[in-house]
Q: 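Handing you this structure, nothing more for now.
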Protein chains: 2
Amino acid sequence: MPSNSFADRLGEHVVLTEGERTALQLLDDRERAVRRGGALCRENDAVADFFILKRGMLMSFVILNDGSRQILRFILPGDIVSLSTLAYARATETISALADSVVGMFDRSAMARVLRDHPRLYAAMMALDQVTRAALSDRVASLGRTSARARVASVLLEIRDRMRRLDPAFPTSFALGLTQEEIGDATGLTAVHVNRMLRQLEDERLIARAGGCVTLIDEARLVRAAHYVDRMTGVDLSWLSSPS
Amino acid sequence: MPSNSFADRLGEHVVLTEGERTALQLLDDRERAVRRGGALCRENDAVADFFILKRGMLMSFVILNDGSRQILRFILPGDIVSLSTLAYARATETISALADSVVGMFDRSAMARVLRDHPRLYAAMMALDQVTRAALSDRVASLGRTSARARVASVLLEIRDRMRRLDPAFPTSFALGLTQEEIGDATGLTAVHVNRMLRQLEDERLIARAGGCVTLIDEARLVRAAHYVDRMTGVDLSWLSSPS
DNA sequence: CGTTCTGTTGATCGAACTCAACTAGTGTGG
DNA sequence: CCACACTAGTTGAGTTCGATCAACAGAACG
């Protein structure tokens with residue numbers, strides 16, 4: 001059984017009390033479905049909600065004035081989507097669905113209740129958010145200082161690693177769920193060049209491709225080529241367990 | 001009097017109680033000075049502390065295996081430096097000083113005390129951290145989808161805006177405090193090309209330069225050229241003030 | 001007073017972009 | 001049921017932006 005709820009994710013790092021567990025279950029009191037291509041919210045929308053992805057896959061991106069798109073992150077089940085709502089009344093990014101998806105929703109008052117009734121849980125949620133920040137930092141380094149080949153490789157590795165963490169049985173050969181244009185918008189490349197880089201990785205026997213599926217053949221070399229770091233490994237929330 | 005403490009920064013967005021104010025004053029119980037060029041902590045160091053910059057200027061960066069450096073953010077007085085300590089026992093970035101600096105320090109147990117005794121304050125700290133995340137997102141978009149000229153312009157604007165927020169009297173003509181190599185490491189460019197872009201911006205009468213000082217001549221055009229967004233404008237923590 | 005650091009400029013190179021053409025799959029509506 | 005449109009992927013040719021290499025000037029510094 002794949003673990004794809006936020007509670008399970010948290011549970012990997014801190015031992016949750018029964019009360020915390022039920023609080024999490026009651027947290028996202030509403031649900032919303034989004035079709036592939038649909039938007040959950042748009043940049044600059046007035047947004048007062050937080051979302052947790054339950055099923056499917058989302059992405060967040062911004063559109064620049066020249067019309068080009070930069071994908072900021074991919075959002076997988078168990079991820080909290082819109083923590084920027086903590087500081088902004090309007091969305092700083094557009095969230096849209098890469099696959100048919102379902103999100104759980106809750107508002108700021110629900111967040112305030114968690115803070116009041118389960119401060120340790122609140123702290124754990126904020127702490128885990130640092131993981132996405134670390135991933136965002138990695139993306140900055142990737143865009144600023146690595147080659148197109150490395151950037152494409154790192155997207156492949158990121159998706160695979162995060163999927164496998166949700167489901168240890170996630171296969172070595174898998175459908176990315178991204179078009180080459182989407183990979184390009186995440187890596188700051190054109191779709192055409194993404195295509196060439198995929199071909200190159202294939203020619204180098206680092207990956208194989210067949211019918212829309214990718215296989216990571218030589219993972220060790222791929223990790224080196226991509227300068228990839230898995231940011232979930234290394235998480236340590238043990239300080240939250242000490243008596244407060 | 002420039003406002004450069006974290007308490008003042010928070011105070012711009014939420015009304016702090018007397019108790020919260022004193023808690024903040026007592027928070028960073030230790031101080032540490034770092035000379036220009038010195039490191040506060042290195043990537044992968046075991047770090048259990050949080051830092052708040054009191055005076056000076058820091059940067060955070062990572063070094064890739066090929067030796068190239070990517071600067072992730074510039075840290076100005078009042079910024080909390082190392083919130084990744086919330087989730088990681090080891091530093092994910094190197095922090096070093098761009099100018100002679102002084103930081104206040106506190107550890108995880110102090111953070112836990114804030115959470116216990118002043119949960120609203122804790123929430124405000126976490127919320128404000130979303131601003132740096134938004135800035136990091138902007139940097140991703142900048143690196144992925146804008147020209148060298150735009151990226152250099154956006155560094156100029158960012159430094160100026162953040163300095164002016166600390167000190168409304170911050171002059172239009174100012175010393176950046178960054179070498180061209182540092183600008184390059186922040187923007188994913190070489191020092192040589194940064195130089196050319198500065199010259200181009202100068203030729204276009206968007207900026208002027210004299211003796212290490214920069215003047216932003218045509219700010220409106222510069223903002224457009226850089227696709228720049230000031231992420232402090234738009235912050236809304238009002239939901240924290242409602243009765244919890 | 002050499003040495004190192006930072007900035008500047010020119011010449012050349014190469015990685016990634018642009019434009020264009022073509023294929024294959026997938027609807028979809030007449 | 002098929003013609004047509006539309007999307008995603010693929011490949012080639014030519015272009016461009018930014019990198020690399022190199023040389024030099026001025027400032028800072030021990």
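Below, chains carry the letters A, B, ... as their sequence lines are ordered, and counting in each starts from 1. Just so it is clear, the structure is predicted and the values come from calculations on it, not from any experiment.
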Q: Rounded to the nearest Å, what distance is computed from the CG atom of residue A:D203 to the P atom of nucleotide D:dT10?
A: 12 Å

Q: Please check the phosphate of D:dT10 (OP1 and OP2 only) for any side-chain N or O of A:Q180 closer than 4.0 Å.
A: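 Checking A:Q180 against D:dT10: at least one side-chain N or O falls below 4.0 Å of OP1 or OP2.
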
Q: Quick check on A:R209: does its CZ atom have over 12 non-hydrogen neighbours (other residues, nucleotides or ligands) under 6.0 Å away?
A: yes

Q: The criterion is side-chain hydrogen bond (donor to acceptor under 3.5 Å, both in side chains); which residues satisfy it with A:D129, sequence neighbours excluded?
A: A:T132, B:Q130, B:R133

Q: When the distance from CZ of B:R36 to P of D:dA28 is rounded to whole Å, what number comes out?
A: 13 Å

Q: Does B:R32, at its CZ atom, have more than 12 non-hydrogen atoms belonging to other residues, nucleotides or ligands within less than 6.0 Å?
A: yes

Q: Measuring to OP1 and OP2 of C:dT9, would you say a side-chain N or O of B:R199 lies under 4.0 angstrom away?
A: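 Yes.
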
Q: Could you go through A:R149 and A:E204, starting from their C-alpha distance and side-chain angles, then the distance that decides it, and tell me whether this counts as salt bridge (charged side-chain N to carboxylate O under 4.0 Å, His left out)?
A: CA-CA 11 Å; A:R149 172 171 166 271; A:E204 295 174 292; 2.8 Å; yes

Q: If the sugar-phosphate is the primed atoms plus P, OP1 and OP2 and the base is the rest, what is the B/S/- string for nucleotides 14-27 of chain C, using protein heavy atoms under 4.0 Å?
A: --BSBB--------

Q: Which pair of non-hydrogen atoms, one from A:A150 and one from A:A225, has the smallest distance, and what is that distance?
A: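 Smallest heavy-atom distance, with atoms named: CB-O, 3.1 Å.
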
Q: Check A:S173 against A:T215 and note the closest heavy-atom contact, atom names and distance.
A: OG-OG1, 2.9 Å

Q: Distance check needed: D:dT10 P versus A:Q200 CD, whole Å only.
A: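 It works out to 15 Å between those atoms.
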
Q: Any side-chain N or O of B:N195 under 4.0 Å from OP1/OP2 of C:dG7?
A: no

Q: Can you tell me the distance, in whole Å, between the CD atom of B:E181 and the C1' atom of D:dA19?
A: 14 Å

Q: Rounded to the Å, how far apart are A:L98 CG and D:dT7 P?
A: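 Computing the A:L98:CG to D:dT7:P distance gives 17 Å.
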
Q: What is the separation between atom CD on A:E182 and atom C1' on D:dA8, rounded to the nearest whole Å?
A: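 Rounded to whole Å, this separation is 11 Å.
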
